[in-house]
Participant: 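Below is a structure I'd like to ask you about.
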Amino acid sequence: MTHALYIDLPEHFNFRSTVYSHGWCELPPFALDTEKWRLSYVFGHAGKSIPAVIYEQGKRLRIDVEGDKFDKEQIIRDVRHILRLDDDLNGLYDLIAGHERLSWVADKGAGRMLRSPTVFEDLVKTICTTNCSWGLTKSMVNNLVETLGAGSLRSGKAFPTPAAMADVDSDFYRNEIRAGYRSPYFVELADAVASGKLDPEAWLTSDLPTPELKKEMKKVKGVGDYAAENLLKLVGRYDGLALDSWLRSQFYKNHNNEKPCPDKKIERHYKKFGEWRGLVIWCDMTEKWIN
DNA sequence: GCGTCCAGGTCTACC
DNA sequence: GGTAGACCTGGACGC
């Protein structure tokens with residue numbers, strides 16, 4: 001049985017721009033139907049998998065949820081979180097108003113970076129993006145969900161809980177997930193979160209200044225400068241650029257005649273955007289995805 | 001078929 | 001604090 005839930009859309013929100021904001025929509029338990037323009041996600045609540053389909057219907061967002069037993073308020077909260085419905089981007093839009101290359105961002109309601117319902121899931125996925133091709137990232141995340149996620153392959157599997165990930169050893173990550181040298185990192189991370197020693201969800205509401213919060217994030221094995229700054233963006237702090245090889249190559253192409261340059265030159269280019277610079281570079285480099 | 005390079009980097013040892 | 005070398009995987013590429 002399917003139940004429909006509805007959320008009123010905020011001003012300046014664009015469903016497609018948000019879903020296409022980065023590659024997360026390709027990583028399970030997300031799935032995207034680009035013909036009907038529906039975003040699927042399998043929520044994991046209380047050890048159960050709850051498949052849902054999210055799409056626009058008029059001026060509202062409709063969420064079709066499978067099953068009878070689910071927490072309606074939690075589903076709504078999670079959807080608001082993953083689509084960043086409560087983010088206030090007016091500061092960004094004011095800053096780039098009239099800018100030759102960036103005025104499209106406000107016109108297209110862009111700037112909301114799709115994220116997972118939990119910081120833990122974003123943390124694991126971010127580690128899966130490091131030092132490998134996007135294809136391998138997809139493979140590792142797919143293996144994690146298929147082998148350790150709650151639910152069935154037919155109805156859909158949720159992202160594994162910290163406890164489920166802590167329940168397997170390094171060899172499992174190496175042989176089944178194909179995570180290579182990241183394998184012991186996942187064991188250590190899952191143990192820390194499952195035991196309560198580490199609470200990545202607290203990063204969402206942390207009072208720490210960004211440099212201090214970044215240091216906290218980098219204490220997690222496998223999280224370096226790029227990964228920490230990517231996670232900072234996903235918790236709503238945009239004062240780091242999160243430079244990786246893809247972002248650098250796009251900058252060279254768009255702003256440096258396709259020639260490599262030092263990171264400092266990229267940093268100088270976006271310095272004027274202050275606390276929004278991390279989001280500005282991301283929008284600047286992903287314009288073709290949205291337009 | 002085989003070797004090399006590199007992709008949405010990070011860790012450790014060493015200076 | 002800065003840097004060299006090692007690290008899994010798998011696809012692309014040259015030979």
Side-chain angles (χ1 to χ4, degrees), chain A residues 19-28 30 32 113-116 119 121-147 165 168-192 198 200 211-235 237-238 240-256 258-264 266-267 270 277-290:
Chain A
V19 170
Y20 264 166
S21 57
H22 64 126
W24 255 217
C25 64
E26 296 178 30
L27 299 179
F30 281 112
L32 180 62
M113 293 178 72
L114 186 71
R115 60 185 172 185
S116 308
V119 181
E121 182 176 330
D122 281 337
L123 174 53
V124 172
K125 285 177 172 174
T126 297
I127 292 174
C128 287
T129 66
T130 57
N131 195 28
C132 65
S133 62
W134 180 244
L136 185 55
T137 297
K138 288 200 281 188
S139 170
M140 285 188 277
V141 174
N142 201 50
N143 292 340
L144 279 170
V145 172
E146 281 192 6
T147 59
M165 286 187 63
V168 291
D169 61 14
S170 186
D171 286 344
F172 181 89
Y173 287 103
R174 201 172 286 272
N175 299 327
E176 306 299 324
I177 308 301
R178 310 300 293 167
Y181 68 90
R182 303 167 194 79
S183 300
Y185 302 165
F186 288 137
V187 174
E188 193 175 317
L189 170 61
D191 279 343
L198 176 68
E212 297 303 313
L213 183 55
K214 185 178 169 183
K215 275 186 195 169
E216 286 299 308
M217 291 173 167
K218 286 179 70 173
K219 287 180 183 170
V220 177
K221 285 271 183 65
V223 176
D225 283 327
Y226 149 74
E229 290 180 6
N230 187 56
L231 284 163
L232 284 166
K233 289 180 183 181
L234 295 177
V235 300
R237 304 196 193 205
Y238 303 105
L241 297 184
L243 293 177
D244 56 21
S245 57
W246 184 83
L247 211 51
R248 288 187 182 93
S249 70
Q250 294 303 306
F251 180 86
Y252 305 153
K253 203 177 291 178
N254 289 306
H255 293 292
N256 210 46
E258 305 203 16
K259 290 180 187 165
C261 64
D263 288 353
K264 287 193 174 174
I266 305 178
E267 285 160 12
Y270 292 100
R277 58 189 181 273
L279 192 49
V280 170
I281 187 176
W282 188 254
C283 290
D284 194 17
M285 296 302 105
T286 58
E287 179 185 0
K288 284 181 184 168
W289 296 358
I290 309 291

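We name chains A, B, ... by the order of the sequence lines, and we start the count at 1 in each one. What you see below is based on every heavy atom in this structure, not just the backbone, and it leaves out hydrogens, waters and symmetry mates.
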Participant: Determine yes or no for a side-chain-to-main-chain donor-acceptor pair under 3.5 angstrom, with A:Y173 supplying the side chain and A:M165 the backbone.
Facilitator: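 Yes, A:Y173 side chain to A:M165 backbone: donor-acceptor pair under 3.5 Å.
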Participant: Quick test: give all pairs of protein nitrogen or oxygen and nucleotides 11-15 of chain B nitrogen or oxygen below 3.5 Å, distance rounded to 0.1 Å.
Facilitator:
residue	atom	partner	partner atom	Å
B:dC11	OP1	A:G222	N	2.8

Participant: In whole angstrom, give the distance that lies between atom CZ of A:R182 and atom P of B:dG9.
Facilitator: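 In whole Å, B:dG9 P lies 10 Å from A:R182 CZ.
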Participant: A:K264: what forms a salt bridge (Lys or Arg N to Asp or Glu O under 4.0 Å) with it, not counting sequence neighbours?
Facilitator: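 Salt bridge (Lys or Arg N to Asp or Glu O under 4.0 Å) check on A:K264 returns nothing, list empty.
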Participant: Test A:C128 against every option in A:V141, A:L123, A:L136 by the side chain to side chain contact (heavy atoms under 4.5 Å, CB included) rule and name the one that passes.
Facilitator: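 With A:C128 as partner, A:V141, A:L123, A:L136 yield a single side chain to side chain contact (heavy atoms under 4.5 Å, CB included), made by A:V141.
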Participant: Give me the distance, rounded to whole Å, that separates C:dA4 from B:dG8 when you measure between the P atoms they each carry.
Facilitator: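 The answer is 24 Å between these two P atoms.
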Participant: Enter the distance from A:R178:CZ to A:N142:CG here, rounded to the nearest 0.5 Å.
Facilitator: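 Separation between the atoms: 14.5 Å.
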Participant: Check side-chain hydrogen bond (donor to acceptor under 3.5 Å, both in side chains) between A:N143 and all other residues, then give those that pass, not counting sequence neighbours.
Facilitator: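 So A:N143 forms no side-chain hydrogen bond (donor to acceptor under 3.5 Å, both in side chains) with any residue.
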Participant: Is A:K219 close to A:L198 at the side-chain level, that is, under 4.5 Å between some pair of heavy atoms?
Facilitator: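 No. Closest side-chain heavy atoms not under 4.5 Å.
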Participant: Return yes if a side-chain donor-acceptor contact under 3.5 Å exists between A:T129 and A:Y226, otherwise no.
Facilitator: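 A pair is found: one side chain offers a donor N or O, the other an acceptor, under 3.5 Å apart.
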Participant: Just call it for A:A242: base, sugar-phosphate, or nothing, with non-hydrogen atoms closer than 4.0 Å on any strand.
Facilitator: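 A:A242: no heavy atom of the nucleic acid under 4.0 Å.
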Participant: Residues in side-chain hydrogen bond (donor to acceptor under 3.5 Å, both in side chains) with A:W289, at least two apart?
Facilitator: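 Residues passing side-chain hydrogen bond (donor to acceptor under 3.5 Å, both in side chains) with A:W289: none at all.
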Participant: Enumerate the protein-to-nucleotides 6-8 of chain B contacts in which both atoms are nitrogen or oxygen and the separation is below 3.5 Å.
Facilitator:
residue	atom	partner	partner atom	Å
B:dA7	N3	A:S133	N	3.2

Participant: Do the rings of A:W282 and A:H22 sit parallel, tilted or perpendicular, given the 30° and 60° boundaries?
Facilitator: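 Judged by the thresholds at 30° and 60°, the geometry between A:W282 and A:H22 is perpendicular.
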Participant: For C:dC8 and B:dA13, measure between their P atoms and round to the nearest Å.
Facilitator: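 Approximately 15 Å lies between the P atom of C:dC8 and that of B:dA13.
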Participant: Going 5' to 3' on DNA chain C, which nucleotide is the first and which the last to come under 4.0 Å of a heavy atom in chain A?
Facilitator: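 The contacted stretch runs from C:dC7 to C:dG10.
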Participant: Listed in order of residue number, which residues of residues 169-181 of chain A have a non-hydrogen atom at under 4.0 Å from DNA chain C?
Facilitator: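 Those residues whose heavy atoms fall under 4.0 Å from DNA chain C, taken from residues 169-181 of chain A in numerical order, are A:R174, A:R178, A:G180, A:Y181.
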Participant: Testing the basics here: between A:L27 and A:K125, what is the closest heavy-atom pair and its distance to 0.1 Å?
Facilitator: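 Here A:L27 and A:K125 meet closest at O-NZ, 3.9 Å.
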Participant: Using the test salt bridge (Lys or Arg N to Asp or Glu O under 4.0 Å), find all partners of A:D284 that sit at least two apart in sequence or belong to another chain.
Facilitator: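 Partners of A:D284 under the salt bridge (Lys or Arg N to Asp or Glu O under 4.0 Å) test: A:R101.
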Participant: Got a sec, which residues hit side-chain contact (heavy atoms from CB on, under 4.5 Å) with A:N175, two or more places apart in sequence or on another chain?
Facilitator: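 Counting only residues at least two positions away or on another chain, A:N175 forms a side-chain contact (heavy atoms from CB on, under 4.5 Å) with A:D171.
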Participant: With sequence neighbours left out, what residues match A:D263 under salt bridge (Lys or Arg N to Asp or Glu O under 4.0 Å)?
Facilitator: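 Per chain and number, A:D263 pairs via salt bridge (Lys or Arg N to Asp or Glu O under 4.0 Å) with A:R248.
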Participant: Dot-bracket notation for DNA chain B is requested: 5' to 3', Watson-Crick or G-U wobble pairs only, both distances under 3.5 Å, with ( ), [ ], | and . as defined.
Facilitator: |||||||.|||||||
Participant: Can you tell me the distance, in whole Å, between the CE atom of A:M217 and the P atom of B:dT10?
Facilitator: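 Checked: the CE to P distance equals 13 Å.
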Participant: To the nearest 0.5 angstrom, please state how far the OG1 atom of A:T286 sits from the CD1 atom of A:I281.
Facilitator: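 Interatomic distance, A:T286 OG1 to A:I281 CD1, rounded to 0.5 Å: 10.0 Å.
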Participant: Tell me, please, which residues at least two apart from A:K221 pass side-chain contact (heavy atoms from CB on, under 4.5 Å).
Facilitator: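 In terms of side-chain contact (heavy atoms from CB on, under 4.5 Å), with neighbours along the sequence ignored, A:K221 is linked to A:Y185, A:E188.
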